[in-house]
Amino acid sequence: MALSLSSAPVSLPSRSVVTLRLNTKQTVGFAKNGGSDLFLKRKAFIRVGMAVALNFSRFESVTMAPPDPILGVSEAFKADTNDLKLNLGVGAYRTEELQPYVLNVVKKAENLMLEKGENKEYLPIEGLAAFNKVTAELLLGADNPVIQQGKVATVQGLSGTGSLRLAAAFIQRYFPAAKALISSPTWGNHKNIFNDARVPWSEYRYYDPRTVGLDFDGMIADIKAAPDGSFVVLHGCAHNPTGIDPTPEQWEELADIIQEKNHIPFFDVAYQGFASGNLDADAFSVRMFVQRGLEVLVAQSYSKNLGLYAERIGAINVVCSSPDVADRVKSQLKRLARPMYSNPPVHGARIVANVVGDPTLFSEWKDEMEEMAGRIKNVRQRLYDSLSQKDKSGKDWSFILRQIGMFSFTGLNKAQSDNMTNKWHVYMTKDGRISLAGLSLSKCEYLADAIIDSFHNVS
Ligand code: KET
């Protein structure tokens, strides 16, 4: 059926609603449902100065966002039908058969939870108390005086990302003039997090491509040159993407400079246990800063070390100079969390509380983590061996063995990384990072061929 106006007839698609703005300032609505038109409001003979907006979206100006540099790689991998394909993009641990891995301690904790038949009521805004207790203890050591004195504000977060984002919102609210300092390079999402939270950031030098190592002098110089009272974002261990950490002596020197400059250290701890295979050893940097009496922010994640990627479980810890300050900081973190997501999910928090809080499960977890870290070390060695044997150019690949954690920063540039994907079906991030956690011993030779071809034949 057609709607006749003073101008040309207009055909309405079924189920459409049209609002006509009349020159009399009256609004008349028509709806068409199936075949019969309804006259909704007011009968009127109309001379229309009309805007009939059919097939027009109010979101027309929204542009297509680029794929995420890390998670977008997994999407592209899924779409590839080649059997040889290898996903070395996202940092997610796989078995030697390249299957996702659910830790045995996680299954045991989940069975316990099922037996207890716990309810699904809302958690408090700050999260599960049992989780918050064990997560701070795991990070700082259970006997750490700052815990015993109540100086740590711990709030359960939506894994590492959500915890970083909450802390960034806190920085924006209470230190609106402060800047975040991030390493160059760093985990790609750091920039997004600070951008979205409207915290200005700048980079400090970190990686030296000439030595394929740490540019410690550059790092110190940039941290010194930054405005006093900046938030220095540091990777607690297993720096992503370079796999290069400062030595203990360099950490001490960094703490000196940070203290001198009145900066606030902001640790991102996403790989505790994955650098050395040992949870305490990997917490060295954070604990050393805390021991010096510094106030410190620490975001934690259980995605990697407990394999709880999709559970979104982590925490933000703010170590404060007094229990009173810690209470106030915590109250403000809760205030920020409430309108964003109200309160966090319970399942992952219960798993962590059960595993870390139970001596038997805790010790089993350490064994499993050592096993995961060990498998990655084996793959790292095999990749190095394959590259060294196959590459006749004399290039020194030993940097791969010096890097730690889940990743290897290969030094391949964007064009070379593209070649890895387009020709060899090896999916990786465009900064040249490969996740060794997604590699098996049996695929090392193939990967070495791909790397050698890309490195030597693509400029
Ligand atoms: N910090 C770092 C340094 C990091 O590498 C990740 C994740 C996170 C925090 C956050 O993880 P979450 O799952 O929110 O706890 N990195 C891997 C996955 C990702 O990019 O989201 C990665 O680099 O592949």
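One-based numbering, in listed order, for ligands and for the atoms of each.
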query: Is there a side-chain contact between Y446 and W424 (heavy atoms, below 4.5 Å)?
result: yes

- prompt: Would R292 and Q259 count as having a side-chain donor-acceptor pair, cut-off 3.5 Å?
  reply: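 Yes, a side-chain donor-acceptor pair sits under 3.5 Å.
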
Considering only distance and modelled atom types, tabulate donor-acceptor pairs under 3.5 Å from the side chains of residues 97-104, sequence neighbours left out.
unit_1: E97; atom_1: OE1; unit_2: T95; atom_2: OG1; d: 3.4
unit_1: Y101; atom_1: OH; unit_2: E368; atom_2: OE2; d: 2.6

Per-pair distances, ligand 1 N/O vs protein N/O, less than 3.5 Å:
unit_1: ligand 1; atom_1: 1 (N); unit_2: D268; atom_2: OD1; d: 3.1
unit_1: ligand 1; atom_1: 1 (N); unit_2: D268; atom_2: OD2; d: 2.6
unit_1: ligand 1; atom_1: 5 (O); unit_2: N240; atom_2: ND2; d: 2.6
unit_1: ligand 1; atom_1: 5 (O); unit_2: Y271; atom_2: OH; d: 2.7
unit_1: ligand 1; atom_1: 13 (O); unit_2: S303; atom_2: OG; d: 2.7
unit_1: ligand 1; atom_1: 13 (O); unit_2: R312; atom_2: NH1; d: 2.9
unit_1: ligand 1; atom_1: 14 (O); unit_2: T161; atom_2: N; d: 2.9
unit_1: ligand 1; atom_1: 14 (O); unit_2: T161; atom_2: OG1; d: 2.5
unit_1: ligand 1; atom_1: 14 (O); unit_2: R312; atom_2: NH2; d: 2.7
unit_1: ligand 1; atom_1: 15 (O); unit_2: S159; atom_2: OG; d: 2.5
unit_1: ligand 1; atom_1: 15 (O); unit_2: G160; atom_2: N; d: 2.7
unit_1: ligand 1; atom_1: 15 (O); unit_2: S301; atom_2: OG; d: 2.6
unit_1: ligand 1; atom_1: 15 (O); unit_2: S303; atom_2: OG; d: 3.2
unit_1: ligand 1; atom_1: 16 (N); unit_2: W187; atom_2: NE1; d: 3.3
unit_1: ligand 1; atom_1: 16 (N); unit_2: K304; atom_2: NZ; d: 3.2
unit_1: ligand 1; atom_1: 20 (O); unit_2: W187; atom_2: NE1; d: 2.9
unit_1: ligand 1; atom_1: 23 (O); unit_2: W187; atom_2: NE1; d: 3.3
unit_1: ligand 1; atom_1: 23 (O); unit_2: N240; atom_2: ND2; d: 3.0
unit_1: ligand 1; atom_1: 23 (O); unit_2: R433; atom_2: NH1; d: 2.9
unit_1: ligand 1; atom_1: 23 (O); unit_2: R433; atom_2: NH2; d: 3.4
unit_1: ligand 1; atom_1: 24 (O); unit_2: G91; atom_2: N; d: 2.8
unit_1: ligand 1; atom_1: 24 (O); unit_2: R433; atom_2: NH2; d: 2.9

query: What distance do L164 atom CG and L297 atom CG have between them, rounded to the nearest 0.5 Å?
result: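 Here the interatomic distance stands at 10.0 Å.
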
Under-4.0 Å salt bridge between K224 and E260: no

query: Ion pair present between R210 and D208, side-chain N to carboxylate O less than 4.0 angstrom?
result: yes

